[in-house]
Amino acid sequence: MPFKTLDDVEYAGKRIIMRADMNCSVDSETKEITDSSRIEAILPTLEDLSKSTVVLMAHQGRPGSDDFISLRPHTEILQKHGIRASFVDDIFGDEAKSSIKDLELGEVLVLQNVRYFDGELKKAPVEEVAKEPLVQELYPLFDLFVNDAFGAAHRSQASLVGFTPYLPSVAGRLMEKEIRTLTKAVGTEKHPWTLVLGGAKVEDKVKTLEKLLKTGRVDHALLGGLVATALLVSSGEIDEKYSKPISGFDSIRDSARMLLEEYADSIVLPIDAAVERDGSRVDCSFDEMNEDPFYDIGTRTIQAFKEIVEGSAVVFANGPMGLFEKEPFALGTEKILRAIATVDGVTVVGGGHLGAMAREMKLENKVSHISTGGGSTINFLTGKKLEVVQALEKAAERMEKK
Ligand code: 3PG
């Protein structure tokens, strides 16, 4: 590993500030966490740190999104797993500092959602985000920074990289495991190499798709979810009425059109749709969509995608094919996951939602790896060093020099 891990430092008895990715799926109405696997994934690190004091920073959702909620429920889940965790509704103010000072060995204090602080939303080089008060107020209270937020490792934000110039900084157990496993999976030269890309966060995904196609590694890019909708609208395949997910993002349309032109041989778009009509799933051609909500890939697309997946040697999948939260529209995602599970090769399923679904379908032993990363995993595949990894590497150099 090019960075330091917990094996390289003394952590027992130390005051540790840890960044995790506990960004979970949340029910948009009840606001309850529907899948806690990202919380469970950091338990090995917390167990190793059970003789230290640990302050945990994490984000949940983005401002304005349905899942932008407090980290109190996350703390309760940690407690259910036997972690002596408490929560403070503050990030770096007096209340947080006083709770940090009162913390005893073996205890974990969860700070409020770091994205409640505007300065955390800034994405900038390490030196710049390190000036944010979140970092400046907190770093003097700690001996060590542990980064276990693999899911957010492609983000250069204050809580993720800002502590590294000030504190000895190491990767947690999950970060270490993800990087090790993905490095091995990416190392394969086998083909056909298939990407299955769905879900939301369209702007991010179109950009990463472009980077990934440029590597020349991808034989087939099967697109579903809102990413597919964006490309279908941009190419005029479906009505402008479906452009809501990309409204205001004109650059997405330009990128989408460019991608469809340049990578016509690799990009595979849906050929039909499943819409919601009178409360039911109706599979139809694009001409018959009738402006009804487009919630999943249609049955002909499912069949076409399945055949490509089954003939692949390598499959990386990220993001659901449709609105899987509504049962009839989980069909596309389920069928594609089942097809991935039959592949005798390298298969990596990533992203909060898709990973959760793969676990629910008990596919853990049928795919090579279920990654906690969505965007971070796809960014990893582009070959670019993830921002958090770069920061940890620099920190390792500093630690060597001391
Ligand atoms: C994710 O879910 O991919 C990570 O938690 C990062 O979230 P973000 O895309 O909102 O930065």
Side-chain angles (χ1 to χ4, degrees), residues 18-28 33-42 56-71 73-74 77 110-111 113-124 129 132 134 147-162 172 174-175 178-179 182 196-209 211-212 225-227 245 249 252 316-320 324-325 348-359 369-382 384 386-389 391:
M18 170 166 159
R19 176 58 155 99
D21 187 334
M22 300 200 287
N23 194 21
C24 295
S25 305
V26 169
D27 185 299
S28 57
I33 291 177
T34 52
D35 171 66
S36 54
S37 45
R38 275 184 166 167
I39 301 179
E40 277 119 34
I42 60 161
L56 201 50
M57 298 179 290
H59 72 277
Q60 171 64 57
R62 296 175 177 183
S65 66
D66 280 347
D67 58 351
F68 190 48
I69 60 166
S70 158
L71 294 191
H74 304 65
I77 292 173
V110 181
L111 301 178
N113 185 344
V114 285
R115 289 189 180 170
Y116 282 13
F117 165 57
D118 279 354
E120 173 69 9
L121 305 174
K122 182 155 115 193
K123 292 175 190 143
V129 293
E132 290 296 332
L134 182 153
N147 196 327
D148 217 16
F150 176 74
H154 56 311
R155 305 280 183 223
S156 186
Q157 289 171 315
S159 68
L160 286 154
V161 298
L174 175 65
M175 178 75 75
E178 289 274 15
I179 303 273
L182 288 172
V196 180
L197 190 64
K201 298 187 184 173
V202 179
E203 203 189 6
D204 281 353
K205 287 197 178 139
V206 169
K207 276 191 203 145
T208 331
L209 175 64
K211 283 190 232 157
L212 203 45
L226 294 182
V227 191
F249 294 110
I252 295 186
F316 276 86
N318 174 223
F324 71 100
E325 293 93 336
V348 177
V349 174
H353 296 307
L354 200 64
M357 199 149 161
R359 263 184 220 98
H369 179 50
I370 299 180
S371 173
T372 53
S376 59
T377 304
I378 300 289
N379 271 278
F380 186 91
L381 299 179
T382 66
K384 185 179 173 280
L386 301 176
E387 272 67 10
V388 161
V389 172

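These figures come from a predicted structure and were not determined experimentally. Order of listing sets the numbers, starting from 1, for every ligand and every atom in it.
- Listed by number with element, the atoms of ligand 1 under 4.0 angstrom from any heavy atom of Arg62 are 8 (P), 9 (O), 10 (O).
- When the heavy atoms of Met22, His353, Lys201 are ranked by distance to atom 7 (O) of ligand 1, first place goes to Lys201.
- The Asn23 neighbourhood of ligand 1 comprises atoms 1 (C), 2 (O), 4 (C), 5 (O), 7 (O), with distances under 4.0 Å to a heavy atom of that residue.
- Ligand 1 has a nitrogen or oxygen under 3.5 angstrom from a nitrogen or oxygen of Asp21.
- Counting the atoms of ligand 1 from 1 in the order shown, those under 4.0 Å from a heavy atom of Arg155 are 8 (P), 9 (O), 11 (O).
- Using a 4.0 Å heavy-atom cutoff, Gly151 is listed among the residues neighbouring ligand 1.
- At a 4.0 Å heavy-atom cut-off, ligand 1 touches Arg115 through the side chain alone.
- Heavy atoms of Gln157 stay at 4.0 angstrom or farther from ligand 1.
- Between Glu203 and Arg62 there is no salt bridge, since no side-chain nitrogen of the basic residue lies less than 4.0 Å from a carboxylate oxygen of the acidic one.
- When side chains are defined from C-beta on, Lys201 does not count as touching Leu226, because their heavy atoms never get closer than 4.5 Å.
- Residues Asn23 and Gln60 have side chains that bring a donor and an acceptor to within less than 3.5 angstrom of each other.
- The minimum heavy-atom distance linking Gly151 with Arg38 is given by the pair CA-NH2, 4.3 Å.
- Without hydrogens or angle criteria, Asn147 side chain to Leu160 main chain gives a donor-acceptor distance under 3.5 Å.
- Between the side chain of Tyr116 and the backbone N or O of His59, no donor-acceptor pair lies under 3.5 Å.
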